[in-house]
Amino acid sequence: MEEEPCHKKPKFDDSLGDYKVIENYIEYIHTATNNVKAVVSDDLRDHVETITMYGGNIKQRKDISKTIKLLNEKLPLTSFQHLKRVRNETVLVCPTDSVKEKSIQEYVCKFVPELTDLFENFIEVAVPKHPVKLKKQHAVFNKIWSCNFHPDVYLEKLTSNNFFSEKELQTHKFYMTLNLEIALWYFKTSNLDVVTEDVFACLNVAIVVDPSIDSIVAVGIDNSSSHPIQHATMVSIDNVAKTQKGGAWIDRAKETDGSYIHNGVDKKLLNYLLKKFPVIKIGAKKYLSKTDLIDDEKTTSDGPYLCTNYYVYVLREPCIMCAMALVHSRAKRVFFCFERPETGALKSKLKLHTVSSLNHHYEVFTGFV
Ligand SMILES: [Zn+2]
């Protein structure tokens with residue numbers, strides 16, 4: 001008789017004394033019914049941050065449009081384009097902290113003397129500091145002050161609980177559990193019979209996938225005990241580079257069959273994976289390096305730049321170095337399974353992928369366990 005799927009999150013129990021907990025995680029991820037969730041920037045949350053502005057109450061309604069026109073010309077709210085300038089009889093004049101004069105009356109006299117007599121009085125009003133980006137925000141923000149808002153269909157879906165279709169979700173879960181399978185393989189081939197929580201927590205694995213051909217391009221296993229920066233993600237990116245005739249670390253191509261297609265994955269691991277999962281595809285699309293392109297006097301590049309359009313599945317939340325390497329290598333999406341409260345750079349400590357000044361942004365998803 002088949003066992004009922006276990007929907008309780010696996011807990012590490014050292015007394016199990018073998019690989020059972022890792023196997024439980026694999027089963028849990030496959031049987032859990034929830035969708036994975038995007039980790040989005042803080043400006044997409046429900047909480048409204050406000051700033052204080054001076055609002056002027058107009059004596060006569062007929063003067064409202066004239067007042068707005070003049071204010072937009074002389075005191076434009078450049079950084080607050082998301083705010084409607086008027087609500088009922090109150091017109092936004094300026095942020096309170098921009099007034100250096102003794103009073104708002106003096107300020108108005110100085111910058112828009114034409115309006116001096118049109119205001120009944122001035123009040124301080126709290127208004128949303130940031131633009132509205134989501135429908136659910138609009139409902140909240142609008143109660144505070146009227147805001148301009150143009151719904152973004154993609155963003156609405158990204159922040160929903162059903163971003164991925166069931167089929168897509170199964171694919172993401174498969175690759176994430178493959179990370180755990182690789183962890184199992186690693187422990188077994190290291191002749192480690194007892195995997196404690198500490199030992200498991202020290203291991204990280206990353207898989208890079210080309211979703212356009214549903215194929216594993218590279219795998220990286222943490223090697224930081226031998227080399228301080230060879231974190232799983234860094235190793236996986238270097239292994240991607242090897243499929244593009246680059247790469248800086250151990251040249252596995254020489255150790256294995258020299259194939260550029262498969263050298264993103266360790267040969268022994270490759271054999272294990274193909275035997276256990278005959279359906280998976282491993283290998284990058286045929287790629288010509290820049291040197292080849294120049295040699296052949298071709299003018300177009302057929303291949304990606306490192307992880308362009310690739311998805312990266314990593315067992316543990318990447319640190320800042322790895323998260324930044326994923327920016328530099330142009331990853332498209334990053335999925336991680338376990339948060340790292342002390343060092344994680346994609347959710348726990350910061351959300352590096354949401355820093356607007358960076359020149360590349362990838363999407364991040366988690367929630368497998
Ligand atoms: Zn790292």
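As the structure lists them, so they are numbered: ligands from 1, and atoms in each ligand from 1.
Ring pair F335/F365 is parallel by interplanar angle, where below 30° counts as parallel and above 60° as perpendicular.
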Residues 124-136 side chain polar contacts: donor-acceptor under 3.5 Å, at least two apart:
unit_1: H130; atom_1: NE2; unit_2: E49; atom_2: OE1; d: 3.4
unit_1: K133; atom_1: NZ; unit_2: D43; atom_2: OD2; d: 2.7

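Partners of K157 by side chain to side chain donor-acceptor pair (under 3.5 Å), not counting sequence neighbours: none found. Shown here are the ring pair (Phe, Tyr, Trp, His ring centres under 6.0 Å) partners of F80, two or more places apart in sequence or in another chain: there are none.
Under the 4.5 Å side-chain heavy-atom criterion for ILVMFWY residues, a single connected hydrophobic cluster contains both L70 and Y54.
Of the possible polar contacts, one joining the T96 side chain to the T52 backbone as a donor-acceptor pair under 3.5 Å is found.
Sorted by chain and number, the protein atoms of type N, O or S within less than 2.8 Å of the Zn ion (ligand 1) are H231 ND1, C319 SG, C322 SG.
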